[in-house]
Amino acid sequence: DTGVSQDPRHKITKRGQNVTFRCDPISEHNRLYWYRQTLGQGPEFLTYFQNEAQLEKSRLLSDRFSAERPKGSFSTLEIQRTEQGDSAMYLCASSLVGLRHNNEQFFGPGTRLTVL
Amino acid sequence: EDQVTQSPEALRLQEGESSSLNCSYTVSGLRGLFWYRQDPGKGPEFLFTLYSAGEEKEKERLKATLTKKESFLHITAPKPEDSATYLCAVQLTGFQKLVFGTGTRLLVSP
């Protein structure tokens, strides 16, 4: 399968714990995005990378959230001191920049986080 | 403020009963409008991108159209397997992020 992959698919944690999610984009895609989706809502943008550079961050991305893409390939999203309000589906997407009509973002299956 | 509104929130159709989903937007500058399909517990699946008013794209039973203020996703003779949430998103000029609507939940009964 050559699509976007995410790991783990599900994570249950206790409030106050740290969690880390991984995203592997489609091979050769140079842009990688993180979104968060809660029940009944559309995905909300968190941040995006072009290669290894983090170029845009949402106000939703508090100091407890950090994302990295160290070698311009896979990315990690870490949440420190989790809160119950962090419970959501965390989605990763990737795209290939270069042509005007290649803005399509392809999403992975998501990581479902439950904070108890 | 940039805003995307989808209607209806939910739609129930009989198999073969054609209908349309609406996505209206108020944005400072539109770079592109995207349609996705999302099944429960899964990530959104890309369907279409539209860039300019008057543009249309088709895929199987789905057809997407775009005007200066809204987009429609027309579903012709739907089947039960078309049941899903359909999400509309806009990409603003100068930005890479997508701004999503809340989606339309479609249920097609046999």
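Reminder, nothing fancy here: chain letters follow the sequence lines and each chain counts from 1.
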Subject >> Ring centres under 6.0 angstrom apart (B/Phe100, A/Phe45) >> reply: no

**OP:** Taking atom CG of B/Leu107 as the centre, report whether more than 12 heavy atoms of other residues, nucleotides or ligands fall under 6.0 Å from it.
**Re:** yes

**OP:** Tell me, for B/Lys42 versus chain A, whether the close heavy atoms (under 4.5 Å) come from the side chain, the backbone, both or neither.
**Re:** backbone

Original post:
Can you get from A/Tyr90 to A/Leu60 by hopping between Ile, Leu, Val, Met, Phe, Trp and Tyr side chains that sit under 4.5 Å apart?
Top reply: yes

**OP:** Supply the atom-to-atom distance B/Thr49 OG1 to A/Glu104 CD, rounded to the nearest 0.5 angstrom.
**Re:** 3.5 Å

**OP:** Indicate, with yes or no, if B/Leu50 and B/Leu47 share a hydrophobic cluster defined by side-chain heavy-atom contacts under 4.5 Å among Ile, Leu, Val, Met, Phe, Trp and Tyr.
**Re:** yes

Subject >> Non-hydrogen atoms of B/Pro44 and A/Leu91 that approach each other most closely >> reply: CD-CD1, 3.9 Å

**OP:** Examine A/Ile79 and A/Trp34 and state if one hydrophobic cluster contains both, with Ile, Leu, Val, Met, Phe, Trp and Tyr joined whenever side-chain heavy atoms are less than 4.5 Å apart.
**Re:** yes

**OP:** Identify whether B/Tyr36 and B/Tyr25 are in the same connected component of the hydrophobic contact network (ILVMFWY, side-chain heavy atoms under 4.5 Å).
**Re:** no

Original post:
Got more than 12 heavy atoms from elsewhere within 6.0 Å of CZ, A/Arg64?
Top reply: yes

Subject >> Leading residue by heavy atom contact count with chain B [cutoff under 4.5 Å; candidates A/Pro109, A/Pro43, A/Gly110] >> reply: A/Pro43

Subject >> Those residues of residues 69-91 of chain B, ordered by number, that approach chain A below 4.5 Å (heavy atom to heavy atom) >> reply: B/Leu87, B/Gln91

Subject >> Contacting moiety of A/Gln37, where chain B heavy atoms sit under 4.5 Å >> reply: side chain

Original post:
Is it true that atom CD of A/Glu68 has more than 12 heavy atoms of other residues, nucleotides or ligands lying nearer than 6.0 Å?
Top reply: no

Subject >> From CG (A/Leu46) to NZ (B/Lys97), nearest 0.5 Å >> reply: 11.0 Å

**OP:** Give a yes or no on this: more than 12 heavy atoms of other residues, nucleotides or ligands lie within 6.0 Å of atom CG of A/Leu39.
**Re:** no

**OP:** Please step through side-chain contact (heavy atoms from CB on, under 4.5 Å) for the pair B/Glu45 and A/Phe107, ending with a clear verdict.
**Re:** CA-CA 7 Å; B/Glu45 175 190 346; A/Phe107 283 81; over 6 Å; no

Subject >> Top contributor to chain B interface from A/Tyr33, A/Tyr35, A/Phe106 [non-hydrogen pairs under 4.5 Å] >> reply: A/Tyr35

Original post:
Would B/Phe46 and B/Trp35 show up in the same hydrophobic cluster when neighbours are defined by side-chain heavy atoms closer than 4.5 Å?
Top reply: no

Subject >> B/Arg61 atom CZ: more than 12 heavy-atom contacts under 6.0 Å >> reply: yes

Original post:
Considering residues, nucleotides and ligands other than A/Phe65, do more than 12 of their heavy atoms fall under 6.0 Å from its CZ?
Top reply: yes

Original post:
What heavy-atom pair brings A/Gln105 and B/Gln96 nearest, and what distance separates the two atoms?
Top reply: NE2-O, 2.9 Å

